[in-house]
Trainee: 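One structure coming up, written as structure tokens, with questions to follow.
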Amino acid sequence: MSLPQAFIEKYKKLLKEDYHDFLASFDQPPVAGFRSNPLKEGQMSFEHPIADTNWGYYGKVSGKSIEHVTGLVYSQEPAAQMVGQVAHPKPGMKVLDLAAAPGGKTTHLLSYLNNTGLLVSNEINAKRSHVLAENVERFGARNVIVTNESTERLAKVFPSFFDLIVFDGPCSGEGMFRKDPKAIPYWHEDYPKELASLQKTILSDALAMLAPGGQLVYSTCTWSPEENEEVATWLLEHKELALVPIQASHGMTNSHLLPGTVRMYPHLFKGEGQFIAKFKDLREPVKTSKISLKKVPKKTSLTKEQDNLWQAFCQKHLAVTLQGQYQTFGDHLYLLPEGLPNLSGLRITRNGLHLGTFKKKRFEPSFALGMALKPSEVIQYIEMDIEQFERYVAGHQIPLKTTYPNGWYQVVIKGNGLGFAKVVGDQLKNAYPKGLRFYS
């Protein structure tokens with residue numbers, strides 16, 4: 001692989017005796033990985049687990065596989081998986097994933113939260129925010145708001161709000177050179193310093209959203225000290241933060257430039273490049289009265305007719321009560337996580353879980369709801385075989401081998417939902433979104 005001479009000289013000085021092994025690693029193939037999704041009901045066994053992880057595996061998954069389409073697996077490079085593992089949010093936390101697209105860290109955080117608490121997943125690029133929302137939907141999330149905002153605007157809405165903030169900063173991408181050689185021409189000698197300045201600006205706004213006593217996980221996919229240890233040191237010197245030491249394992253390296261932070265090098269770690277630092281806010285945590293929270297009334301914008309239609313659907317189709325705040329936007333019904341501030345004025349790509357649409361005297365469930373619900377949480381579903389699945393994702397109606405009463409059913413393949421669809425006569429009408437359809 002052809003690397004910039006300035007890059008080569010820089011890491012020759014930094015790595016010393018490890019330099020030759022480091023340089024040789026760029027001629028090795030990149031390491032692929034994926035995670036399984038604990039939110040899904042239909043689990044399966046996978047080979048080649050990543051040591052000391054809950055859901056990580058080595059290997060590639062096809063975007064056309066049943067496992068991917070139903071959200072049972074999410075492709076994510078092994079080093080990048082360490083960020084979510086270090087963050088490790090507890091159920092019920094309020095979490096911000098600040099630079100979230102395409103969704104690897106967001107879905108990893110969701111695995112720990114287990115559909116509790118709140119996750120605000122932000123991406124400033126509008127196109128990438130839609131990709132993020134699509135991946136969140138496939139994963140089966142119920143407690144996620146996807147925003148398309150600057151950190152400065154978010155900070156005005158969420159002052160001192162989050163228990164945990166994860167920021168995988170925009171960086172020079174040195175750790176991805178092997179995986180994506182197209183990134184190499186963008187690198188120049190001053191590039192890391194330029195991006196470090198941007199990271200500090202974003203982090204200043206981000207910390208305004210961190211609750212007293214909360215935690216910040218800062219990461220990059222680069223090895224540049226300017227963007228890593230120097231930014232971390234700047235945080236320690238200018239903010240009320242303390243470093244939380246990260247234990248290095250299975251190939252991670254403790255940084256000699258700032259002990260307690262970790263690096264991943266491809267000649268030592270089976271994966272690509274990453275840096276991670278974890279901080280704790282030193283201000284005294286503010287205790288929230290549980291009694292006062294209970295007195296806050298649940299808000300709803302449903303009309304009486306809409307509420308009746310939704311309740312009728314739930315009674316007939318759902319075996320679980322969905323907890324949260326119900327809101328309508330036009331004819332669309334959404335379930336929002338509890339405890340949200342007023343989000344008006346923010347650009348929102350995914351406003352919680354889209355439950356469905358009100359039409360003339362009826363309620364039609366959304367694809368997202370059918371992805372978020374487990375088969376055990378619905379009253380009626382239709383299990384497809386592989387042949388039916390291949391026809392369904394290509395947009396075809398499915399002739400039914402068994403007679404079913406007309407109405408809505410969750411579509412299920414290998415124990416996991418694939419949206420809702422309607423039975424009419426002896427046919428299952430196709431409700432798979434047109435933008436997602438493909439031929440196997």
Side-chain angles (χ1 to χ4, degrees), residues 1-15 18-19 22-33 75-84 86 97-106 108 122-125 127-129 131-132 135 151 166-203 206 217-232 234 251-253 255 257 261-277:
M1 179 178 288
S2 178
L3 295 166
Q5 189 60 37
F7 174 87
I8 293 172
E9 293 300 324
K10 179 177 183 175
Y11 287 97
K12 190 173 185 178
K13 293 178 182 178
L14 183 67
L15 293 174
D18 276 347
Y19 162 72
F22 169 73
L23 195 62
S25 71
F26 284 90
D27 293 323
Q28 300 299 314
V31 179
S75 293
Q76 188 182 32
E77 183 272 313
Q81 293 187 31
M82 298 303 108
V83 180
V86 167
D97 186 2
L98 190 50
K105 294 171 183 66
T106 281
H108 202 172
N122 183 68
E123 173 54 48
I124 194 168
N125 181 286
K127 185 176 180 180
R128 283 168 56 82
S129 75
V131 174
L132 169 62
N135 285 328
T151 314
V166 176
F167 178 47
D168 188 48
C171 68
S172 55
E174 296 168 352
M176 293 292 106
F177 282 177
R178 187 169 70 170
K179 182 180 177 182
D180 184 15
K182 292 179 182 178
I184 297 174
Y186 292 96
W187 192 93
H188 56 83
E189 206 164 352
D190 294 326
Y191 197 31
K193 290 181 181 178
E194 293 172 4
L195 287 161
S197 178
L198 173 62
Q199 290 158 7
K200 291 175 184 178
T201 300
I202 297 172
L203 282 164
V217 173
Y218 172 67
S219 65
T220 71
C221 58
T222 194
W223 302 295
S224 169
E226 297 95 324
E227 301 170 81
N228 295 334
E229 290 87 354
E230 290 181 22
V231 171
W234 174 84
M252 288 183 183
T253 303
S255 172
L257 299 173
T261 64
V262 292
R263 289 168 161 259
M264 275 135 277
Y265 289 108
H267 64 291
L268 299 172
F269 179 90
K270 191 177 177 182
E272 305 310 301
Q274 199 82 36
F275 168 85
I276 311 173

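In what follows, residues are counted from 1 in the order of the sequence shown. Given the structure is predicted, the values throughout are model-derived calculations rather than measurements.
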Trainee: Does atom CD of E189 have more than 12 heavy-atom neighbours, drawn from other residues, nucleotides or ligands, at distances under 6.0 Å?
Mentor: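 No, CD of E189 has 12 or fewer neighbouring heavy atoms, counting only those of other groups under 6.0 Å.
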Trainee: Is it true that K200 and E230 make a salt bridge, defined as a side-chain N closer than 4.0 Å to a carboxylate O?
Mentor: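 So K200 does not pair with E230 through a salt bridge.
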Trainee: Regarding E272 and K179, does a basic nitrogen lie under 4.0 Å from an acidic carboxylate oxygen?
Mentor: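 Salt bridge: no.
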Trainee: State, with a plain yes or no, whether a side-chain heavy atom of P225 is found less than 4.5 Å away from one of L14.
Mentor: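 In short, these two side chains touch, coming nearer than 4.5 Å.
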Trainee: Quick one, S255 and V262 - any side-chain contact, counting heavy atoms below 4.5 Å?
Mentor: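 When only atoms from C-beta onward are counted, V262 and S255 do not touch, as no gap falls below 4.5 Å.
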Trainee: Flag the pair T220 / Q199 as yes when at least one side-chain heavy-atom distance between them is below 4.5 Å, and no otherwise.
Mentor: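 Side chain of T220 against side chain of Q199, heavy atoms only: contact under 4.5 Å found.
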Trainee: Could you tell me whether a side-chain N or O of N122 sits under 3.5 Å from a main-chain N or O of A99, the two making a donor and an acceptor?
Mentor: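 Side chain of N122 to backbone of A99, a donor-acceptor pair under 3.5 Å: no, none is there.
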Trainee: Identify whether the distance between the nearest side-chain nitrogen and carboxylate oxygen of D168 and K105 falls below 4.0 Å.
Mentor: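 A salt bridge is present here (some side-chain N lies under 4.0 Å from a carboxylate O).
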Trainee: Taking the basic N atoms (NZ, or NE/NH1/NH2) and the acidic carboxylate oxygens, is any pair closer than 4.0 Å for E229 and R263?
Mentor: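 Judged by the 4.0 Å cut-off on N to carboxylate O distance, E229 and R263 do form a salt bridge.
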Trainee: Contact between M264 and I276 at the side-chain level, heavy atoms closer than 4.5 Å - yes or no?
Mentor: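 Sidechains of I276 and M264: in contact.
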Trainee: Tell me, do E227 and S172 make a side-chain contact under 4.5 Å, heavy atoms counted?
Mentor: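 They are in contact (side-chain heavy atoms under 4.5 Å apart), so the answer is yes.
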Trainee: So does R128 get a backbone contact from the side chain of E123, meaning a donor-acceptor N/O pair under 3.5 Å?
Mentor: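 A pair under 3.5 Å: no.
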Trainee: Can you find a heavy atom in the side chain of I202 that is under 4.5 Å from one in the side chain of P170?
Mentor: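 The answer is yes; the side chains approach within 4.5 Å.
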Trainee: Would you confirm whether the ring centroid of Y186 sits within less than 6.0 angstrom of the ring centroid of Y191?
Mentor: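 Here the rings of Y186 and Y191 have centres that are no less than 6.0 Å from each other.
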Trainee: Establish, yes or no, whether a centroid distance under 6.0 Å links the rings of F269 and Y265.
Mentor: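 Centroid distance F269-Y265: not below 6.0 Å, so no.
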Trainee: Do the side chain of R178 and the main chain of P266 share a donor and acceptor less than 3.5 angstrom apart?
Mentor: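 No: the side chain of R178 does not pair with the backbone of P266.
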Trainee: Using only atom types and a distance under 3.5 Å, with no angle test, would you say the side chain of N135 pairs donor to acceptor with the backbone of P102?
Mentor: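 Checked: pair present.
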Trainee: So, for F275 and W223, is the gap between ring centers shorter than 6.0 Å?
Mentor: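 No.
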Trainee: Considering only heavy atoms from C-beta outward, does the side chain of C221 approach that of C171 to under 4.5 Å?
Mentor: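 Side-chain contact under 4.5 Å: yes.
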Trainee: Ignoring hydrogens and angles, tell me if any N or O in the side chain of S197 forms a donor-acceptor pair with the backbone of E194 under 3.5 Å.
Mentor: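 No, because the side chain of S197 does not come within donor-acceptor range (under 3.5 Å) of the backbone of E194.
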Trainee: With a 3.5 Å distance limit and no angle check, can you tell me whether Q274 reaches the backbone of V83 through a side-chain donor-acceptor pair?
Mentor: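 Absent.
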Trainee: Check whether Y218 reaches the backbone of N228 with its side chain - one donor and one acceptor, N or O, closer than 3.5 Å.
Mentor: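 No, because the side chain of Y218 does not come within donor-acceptor range (under 3.5 Å) of the backbone of N228.
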